[in-house]
Amino acid sequence: MRAMKDQIRYRLADGQELALPPLEGPQRVDYRQWKSQQGPGEEVGPKVRVAGRIVLQRPTGKLIFLNIRDWTGDIQIFVGQRQVGHHNWQIAECLDLGDIIGVDGRLGRTNTGELTVFAEELHFLCKTLEPPPEKYHGLTDPELRQRLRYLDLLYTEGVLETFLKRTRIVQAIRRVLDEQGYIEVEGPTLHTIAGGAAARPFITHHNALDIDLYLRIALELHLKRLLVGGIEKVYELGRVYRNEGISPRHNPEFTMLEVYQAYGDYHTMMDLAEQIVLGSLRAIQDDYCVQWGETVIDFTPPFARRTYDELFQEHTGITPSDSKAVADFASRIGLHPQGKHPDVIKSEIFEEVVEPKLIGPVFVIDYPAALCPLTKRKRDNPQIAERFELFVQGMEIANAYTELNDPDLQEELFRTQLEGLPEEESMARMDHDFLRALRNGMPPAGGLGIGVDRLVMLLTGSRSIRDVILFPLLRPEAGAK
RNA sequence: GAGGGUGUAGCUCAGGCGGUAGAGCAACGGACUUUUAAUCCGUAGGUCGCGGGUUCGAGUCCCGCCACCCUCACCA
């Protein structure tokens, strides 16, 4: 019915209301339960009302089979010319792939046993004017999948599922923390000094105050101010921004969790990190194993806890305290140890040789102190920092310290950190405001940071961070308005 | 920023030694009252990423540029 189809387009263009008032359907029907109770050939099911987007269409003369999709899945619609009458049949003949319709009918089974809504009334709810992706292959071009994420969600298998899982994981993280009495806060995202990490910030400008501001690169320094202020168990789960390269593991904006607990230490945080990971996993599946490419990650607790030096020795065969042997090893694998602090050489080897082998999950604990400026040293060994990182598949998922709360030492460490920076990066200025807070006394505390996007990647088996960020940063399209 | 790969119809993809553009799906017209990526007959659809060059002739060869993907670097 060409004429009616054109009319629909015309009316849409005219901005007129086509959709029906909100559908107040009959009682909801649990398809799965009903399905399990019926056998093939069953024709008379409950009356149902469904709505969704047409993803497949099989017209066979005076009969049209449609598959419509909503976010719970697909269901087949049977439309018979004789069964639905003239008006509905006219609507049915105007339908295109991608249109959104509502259907009143009875749930039943076709001769082949397919669960089907046998239409009695069709409601035209929305026209789609763009052609949908190929019905079998869907969208595969990675650029289109990101630029047209709405189509990716609709037509690429598993995409919607992954993002729904992401939401459940984030909910689970909050649940674990809330149940243990941690308080969620919202710190500023515009900072006068981009502190708490070493990364290039995005710069913006406030007109009324006429000052440059930086989008935050970490949550840390404001949460610590709250520790000073007596908020003893505190966290923030939010977006941070780093003006760095883009890769399968890096997006310029990403989601961080940082947790601080007064009178806690890195052991407290290790237990908490394990609970957060397990709580997240439980929110999306029942067992502890996650498929990751060709391999399977086993999250069965408790996670291994190994010291940095232990792992170093195990994977290099070198005694970590033998700095000459360490330097020799570094040269042998193509690193350049000349003039570097022994701990730095060790860390370069560790990143190169050990980290890729940390299939995990494994807590790496007790890092060399020189690598950890914001970390308290072990009481009985000032060479060792009370820090752990949680590794899975060679990826760093969590990072935690027993936090440094000595303002003088902190200032000194800031100073040495700033010395090494080239001029253009010395926008990282001494944070006197933060030091003043520390001088007012910050209780000893454990602190934990988790890269939420990477945790979601691991738990959902996603190989790229873009697969867990709805709208990753892309260069604007040429010629786009 | 460096190296490698990709870019052809709305989508998914073919295009051998350089010889004037192909399929499937989608669209449009027709047949079909139990289909399952429905099937069958027909029609229409292209700045071969963009710009130069070589050549009688370029989707194909050369140079430059653009976008995306991968690896590396930056990202404590």
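Residue numbers begin at 1 in each chain, while the letters A, B, ... track the order of the sequences. Keep in mind that the numbers below use all heavy atoms, side chains included, and drop hydrogens, waters and symmetry copies. A quick note: this is a predicted structure, and the numbers were derived from the prediction, not measured.
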Does a nitrogen or oxygen in the side chain of [X] sit under 4.0 Å from OP1 or OP2 of [N]?
X	N	value
A/Arg58	B/rU35	no
A/Arg249	B/rC70	no
A/Arg466	B/rC70	yes
A/Arg200	B/rC74	no

Requested in this report: Look at all strands and tell whether A/Leu144 reaches a base, only sugar-phosphate, or nothing, counting heavy atoms closer than 4.0 Å.
Outcome: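 Sugar-phosphate: the residue A/Leu144, judged by heavy atoms under 4.0 Å, touches backbone atoms but no base.
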Report task. With heavy atoms under 4.0 Å as the rule, sort A/Thr140 into base, sugar-phosphate or nothing. Result ->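 A/Thr140: backbone/sugar contact only, no base atoms under 4.0 Å.
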Query - Donor-acceptor pair present, A/Glu114 side chain and B/rU35 base, under 3.5 Å - result: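 Donor-acceptor pair under 3.5 Å: no.
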In terms of side-chain heavy atoms of [X], which of [options] is nearest?
X	options	result
A/Asp96	B/rA27, B/rU33, B/rA76	B/rA27
A/Ala197	B/rU33, B/rA76, B/rC28	B/rA76
A/Arg147	B/rA26, B/rA67, B/rA76	B/rA67

Query raised in the report: Within 45° of the ring axis of A/Tyr401 and under 6.0 Å from its six-membered ring centre, is that where the NZ or CZ of A/Arg387 lies?
Result: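 No cation-pi geometry.
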Query raised in the report: Do the ring planes of A/Phe78 and A/Phe118 sit parallel (below 30°), tilted (30 to 60°) or perpendicular (above 60°)?
Result: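 Rings of A/Phe78 and A/Phe118: tilted, 30 to 60°.
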**Report entry** Plane angle bin for A/Tyr308 and A/Tyr367 - parallel if under 30°, tilted between 30 and 60°, otherwise perpendicular
**Finding:**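 A/Tyr367 and A/Tyr308: tilted rings.
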Requested in this report: Please round to the nearest 0.5 Å and tell me the distance separating atom CD of A/Glu244 and atom CD1 of A/Ile217.
Outcome: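 CD1 of A/Ile217 is found 8.5 Å from CD of A/Glu244.
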Query raised in the report: Quick one: A/Glu403 CD to B/rA76 C1', roughly how many Å, whole number?
Result: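 After rounding, the reported distance stands at 14 Å.
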Query raised in the report: Considering only the P atoms, how many Å lie between B/rA2 and B/rA73, rounded to the nearest integer?
Result: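 Approximately 16 Å lies between the P atom of B/rA2 and that of B/rA73.
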**Report entry** Inter-nucleotide C1' distance (B/rG49, B/rU43), Å rounded
**Finding:**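 Pairwise C1' distance, B/rG49 against B/rU43, rounds to 29 Å.
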